[in-house]
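Written below as structure tokens is the structure these notes are about.
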2 protein chains.
Amino acid sequence: MLYGVTDLLKRNQLSVTDSRKKILELFMRSDGALAHADIEHHSGTEFDRVTIYRTLQTFVEKGIIHTIPTSDNSVRYALCKDECSEGHHHDDHVHFMCDGCGTTYCLDHVTVPAIALPQGFLASQTDVVISGKCDKCG
Amino acid sequence: MLYGVTDLLKRNQLSVTDSRKKILELFMRSDGALAHADIEHHSGTEFDRVTIYRTLQTFVEKGIIHTIPTSDNSVRYALCKDECSEGHHHDDHVHFMCDGCGTTYCLDHVTVPAIALPQGFLASQTDVVISGKCDKCG
DNA sequence: TAAATTTTGCAACAATGTTGCATTAGTGTA
DNA sequence: TACACTAATGCAACATTGTTGCAAAATTTA
């Protein structure tokens with residue numbers, strides 16, 4: 001698993017640095033999505049705030065993680081289990097935000113049904129954010 | 001129409017003030033959703049930044065407007081044509097963000113299909129954000 | 001119109017995000 | 001392994017966004 005992180009960084013033509021490894025591991029260990037603040041807390045004072053911002057930005061650009069639209073408009077990032085390591089398959093995600101524990105889940109295996117748009121509207125990406133109670137809080 | 005704004009405020013037990021009237025009118029005139037910054041620009045230096053924040057917050061609480069989750073995580077607010085004036089029917093909205101002109105549309109009449117969730121997950125609200133090209137930019 | 005209530009604007013603050021630049025760390029090559 | 005080269009980090013300073021308390025002003029109620 002440790003080797004996996006290094007490998008993933010190299011496949012994306014990124015230098016393998018401490019911060020990148022630690023942040024990637026954090027994503028891999030965590031169940032749901034992470035906000036910038038979560039990462040800052042977890043890594044303590046180890047990394048500069050700016051480094052975390054830049055690392056997240058880089059990961060998004062490389063398609064390693066993606067942002068999740070949330071109704072409370074806090075920025076959240078998630079690593080998609082199967083797809084992201086392979087490339088840019090970020091369309092048609094379903095995300096679930098639990099009102100109870102606040103966790104954001106990336107439901108990779110839930111399919112988004114086709115939605116009929118008005119005349120002249122052309123969809124390129126569909127984001128679905130469902131809120132409610134997760135299996136632990138139900 | 002001017003009377004409508006005043007009336008809407010009164011129905012929601014809110015004092016009828018300049019800022020509330022102007023901001024409501026702005027929403028009614030605008031095609032799509034508005035960000036805080038849009039409102040600040042449109043109203044010039046007429047109102048304090050804080051007043052705008054508080055007005056939007058009040059409107060959200062009263063169910064006059066609602067927030068839209070966006071993938072770029074800028075907070076946007078929209079007035080829903082038919083429903084919001086009557087109460088709190090904010091479930092199952094479809095929102096459309098145009099990559100061309102940046103407008104966010106509130107597609108009130110598009111129905112959200114049911115989405116099958118994993119065991120134990122219970123949905124209370126579903127937000128769908130579709131991005132692509134709108135009928136003016138297609 | 002006067003008293004009671006609500007809203008506004010100001011000031012100060014907190015949180016979040018960005019940029020430039022010198023220092024440090026990582027990479028490729030001999 | 002040591003070197004030069006490139007990329008990433010940390011710091012400082014700044015910009016933007018959002019929040020809170022409180023006195024002044026506007027709105028509502030009687």
Side-chain angles (χ1 to χ4, degrees), chain A residues 2-3 5-26 33-62 64-77 102 104, chain B residues 2-3 5-26 33-62 64-77 102 104:
Chain A
L2 271 164
Y3 182 72
V5 170
T6 301
D7 194 51
L8 178 52
L9 289 171
K10 284 193 176 158
R11 272 212 305 279
N12 283 283
Q13 295 152 331
L14 294 172
S15 299
V16 179
T17 65
D18 270 15
S19 54
R20 285 179 182 164
K21 277 194 288 182
K22 289 266 174 71
I23 292 174
L24 253 189
E25 282 165 25
L26 196 59
L34 297 173
H36 174 94
D38 296 326
I39 297 164
E40 210 170 333
H41 287 146
H42 274 279
S43 60
T45 54
E46 199 172 356
F47 308 117
D48 196 83
R49 231 159 45 81
V50 178
T51 300
I52 299 175
Y53 278 113
R54 287 200 269 230
T55 303
L56 290 172
Q57 204 173 291
T58 305
F59 285 175
V60 169
E61 275 160 19
K62 290 293 182 178
I64 298 171
I65 60 175
H66 64 278
T67 60
I68 299 179
T70 62
S71 22
D72 67 344
N73 281 285
S74 60
V75 193
R76 283 168 193 243
Y77 301 89
T104 300
Chain B
L2 271 163
Y3 182 74
V5 170
T6 302
D7 195 51
L8 179 52
L9 289 170
K10 285 192 175 156
R11 274 211 304 279
N12 283 282
Q13 297 153 332
L14 293 173
S15 298
V16 180
T17 64
D18 270 15
S19 53
R20 284 178 183 163
K21 278 194 287 183
K22 289 266 175 67
I23 292 174
L24 253 189
E25 281 165 26
L26 195 59
L34 297 173
H36 174 94
D38 296 327
I39 297 164
E40 212 171 330
H41 287 147
H42 274 278
S43 60
T45 53
E46 198 171 357
F47 308 117
D48 196 84
R49 230 158 44 82
V50 178
T51 300
I52 299 175
Y53 278 115
R54 287 199 269 230
T55 302
L56 291 172
Q57 204 171 292
T58 305
F59 286 175
V60 169
E61 276 160 20
K62 292 290 183 180
I64 297 170
I65 59 174
H66 64 277
T67 60
I68 299 179
T70 61
S71 24
D72 66 345
N73 282 284
S74 61
V75 193
R76 283 168 194 244
Y77 301 88
T104 301

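Dashed line: the shortest gap from a side-chain N or O of A/T17 to OP1 or OP2 of D/dA8 is not under 4.0 Å. Dashed line: the shortest gap from a side-chain N or O of B/S19 to OP1 or OP2 of C/dT8 is under 4.0 Å. A close approach under 4.0 Å does not occur between any side-chain nitrogen or oxygen of A/R54 and OP1 or OP2 of D/dA8.
Below the 3.5 angstrom threshold, one finds a donor paired with an acceptor across the side chain of B/R49 and the base of D/dG18.
A/I52 places its CD1 atom 12 Å from the P atom of D/dC11, with the value rounded to the nearest Å. The nearest whole Å value for the distance from the CZ atom in A/F47 to the C1' atom in D/dC11 is 16 Å. The nearest whole Å value for the distance from the CG atom in A/L9 to the P atom in D/dA7 is 16 Å. As rounded to whole Å, 11 Å separates atom C1' of D/dT27 from atom NZ of B/K10. To the nearest angstrom, P of D/dT28 lies 9 Å from CZ of B/R20. Separating the CD1 atom of A/I39 from the P atom of C/dG17 is a distance of 11 Å, rounded to the nearest angstrom. Atom CG in A/D48 sits roughly 17 Å away from atom P in D/dC14 (whole-Å rounding). The distance between atom CD of B/Q57 and atom C1' of D/dT17, rounded to the nearest whole Å, is 14 Å.
Along DNA chain C, the nucleotide nearest to A/D18 and the one nearest to A/Y53 differ in position, and the one closer to the 5' end is contacted by A/Y53. Taking the nucleotide of DNA chain D with the nearest heavy atom to each of B/V75 and B/V16, the more 5' of the two is matched to B/V75. Annotation: of the two residues near DNA chain D, B/V50 and B/L14, the 5′-most nearest-nucleotide partner is B/V50.
A/E46 comes within 4.0 angstrom of sugar-phosphate atoms only, judged by non-hydrogen atoms across all strands, and of no base.
For the pair B/E40 and B/I52, the minimum side-chain heavy-atom distance is below 4.5 Å. Counting only heavy atoms from C-beta outward, the side chains of B/F59 and B/L9 approach each other to under 4.5 Å.
Remark: of the listed residues A/R20, A/K21, A/K10, A/K22, A/K21 is the sole one forming a side-chain contact (heavy atoms from CB on, under 4.5 Å) with A/V5.
Looking only at distances, a side-chain donor or acceptor of B/D48 sits under 3.5 Å from a matching main-chain atom of B/V50.
Rounded to the nearest 0.5 angstrom, A/E25 CD and A/T6 OG1 are separated by 8.0 Å.
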